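What follows is a short report on a single structure.
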Amino acid sequence: EAGVAQSPRYKIIEKRQSVAFWCNPISGHATLYWYQQILGQGPKLLIQFQNNGVVDDSQLPKDRFSAERLKGVDSTLKIQPAKLEDSAVYLCASSLWGMETQYFGPGTRLLVL
Amino acid sequence: DAKTTQPPSMDCAEGRAANLPCNHSTISGNEYVYWYRQIHSQGPQYIIHGLKNNETNEMASLIITEDRKSSTLILPHATLRDTAVYYCIGYTGNQFYFGTGTSLTVIP
């Protein structure tokens, strides 16, 4: 079974630029999560989708971050404009339904200069 | 938030059992305790979860106290590949809350 795929693996941008990350969850998984992991900290949930609907985006900085999952499969997370403090690893995870075991992708490492 | 408390770091000799403790005093009675680990530069990997009974799988054992306020993850025979950050997950509602975890170093 293929795992969660993410791209790109690494991205370097300058502040005020925009960036987008892509995630392809495990086939058949209805729930998709985006996490932000700052160096030295545990992952923090940004947004959770159930199929193509948002379940929880309470910790998503909506003035600059946006995410979509239009067809209930792939998802994109966008940052516009980026700030220095957005430097982090962005992790995507998926699960069959709700709070069962989450399976994580390798993450995208973002550096904002 | 359902706060979990873990020691920041631990060492374990290769081949010995690694016992990683976690306090989760605010976890609700019907919420599972999850353990994940994160090897450097990889995404978190699921290890095990339990509700109130002890659990064992091919990776580890999970011992949960009767009052559910704490648990211990046991890696029975630690190898160098078990060096990682181990997260004990507590949650409120439908969200996972990762703490800063325990950095386990397995020493040859």
Side-chain angles (χ1 to χ4, degrees), chain A residues 1-10 21 23-26 29-50 53-60 77 88-111, chain B residues 1-10 20 22-24 26-51 55-60 62 73 84-105:
Chain A
E1 176 182 88
V4 176
Q6 290 188 248
S7 68
R9 290 297 312 277
Y10 305 92
F21 313 126
C23 172
N24 181 244
I26 293 172
H29 280 195
T31 310
L32 185 146
Y33 313 79
W34 283 102
Y35 288 82
Q36 179 192 58
Q37 186 173 24
I38 293 171
L39 187 65
Q41 300 181 17
K44 182 186 81 171
L45 180 70
L46 292 175
I47 189 168
Q48 176 184 343
F49 291 95
Q50 190 86 329
V54 175
V55 173
D56 185 350
D57 63 358
S58 58
Q59 298 189 84
L60 187 73
L77 176 70
V89 177
Y90 291 85
L91 294 161
C92 179
S94 68
S95 66
L96 270 173
W97 190 268
M99 285 305 292
E100 295 89 356
T101 304
Q102 295 182 27
Y103 296 90
F104 285 79
T108 296
R109 190 173 299 273
L110 173 68
L111 179 60
Chain B
D1 297 0
K3 182 176 174 60
T4 61
T5 305
Q6 299 178 254
S9 64
M10 293 180 64
L20 293 94
C22 176
N23 288 320
H24 36 77
T26 61
I27 200 168
S28 299
N30 61 347
E31 292 174 337
Y32 284 80
V33 177
Y34 277 80
W35 282 82
Y36 280 74
R37 73 180 182 184
Q38 189 170 26
I39 295 170
H40 183 63
S41 296
Q42 297 183 20
Q45 175 192 24
Y46 167 77
I47 301 173
I48 198 168
H49 72 284
L51 184 61
E55 301 287 345
T56 296
N57 64 18
E58 65 278 5
M59 289 183 68
L62 176 60
L73 179 75
V85 177
Y86 287 76
Y87 294 101
C88 169
I89 311 296
Y91 57 84
T92 301
N94 60 356
Q95 225 187 80
F96 270 5
Y97 288 96
F98 287 80
T100 51
T102 295
S103 178
L104 175 69
T105 301

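Worth saying up front: this structure is predicted, and the values here are computed from it rather than measured. Each chain gets a letter, A, B and so on, in the order the sequences are listed, and its residues count up from 1.
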message: Restricting to ring pair (Phe, Tyr, Trp, His ring centres under 6.0 Å), what partner residues turn up for A:Y35, sequence neighbours left out?
response: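 Partners of A:Y35 by the ring pair (Phe, Tyr, Trp, His ring centres under 6.0 Å) criterion, ordered by chain and then number, come out as A:F104, B:F98.
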
How far apart are the closest heavy atoms of [X] and [Y], and which atoms are they?
| X | Y | value |
| --- | --- | --- |
| B:Y46 | A:Q102 | CB-O, 4.4 Å |
| A:Q41 | B:Y87 | O-OH, 3.7 Å |
| A:G40 | B:T100 | O-CG2, 4.1 Å |

Can you say whether [X] sits under 4.5 Å from chain B via the side chain, the backbone, both, or neither, judging by heavy atoms?
| X | result |
| --- | --- |
| A:P43 | both |
| A:Q37 | side chain |
| A:T108 | neither |

field: Separation between CD1 of B:I48 and OG1 of A:T101, rounded to the nearest 0.5 Å
entry: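 OG1 of A:T101 is found 10.5 Å from CD1 of B:I48.
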
query: For B:S41, which residues count as a side-chain contact (heavy atoms from CB on, under 4.5 Å) partner, sequence neighbours excluded?
result: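 Partners of B:S41 under the side-chain contact (heavy atoms from CB on, under 4.5 Å) test: A:R109.
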
task: Go through the atoms of B:Q45 and report whether side chain, backbone, both or neither lie under 4.5 Å from a heavy atom of chain A.
output: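 Neither part.
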
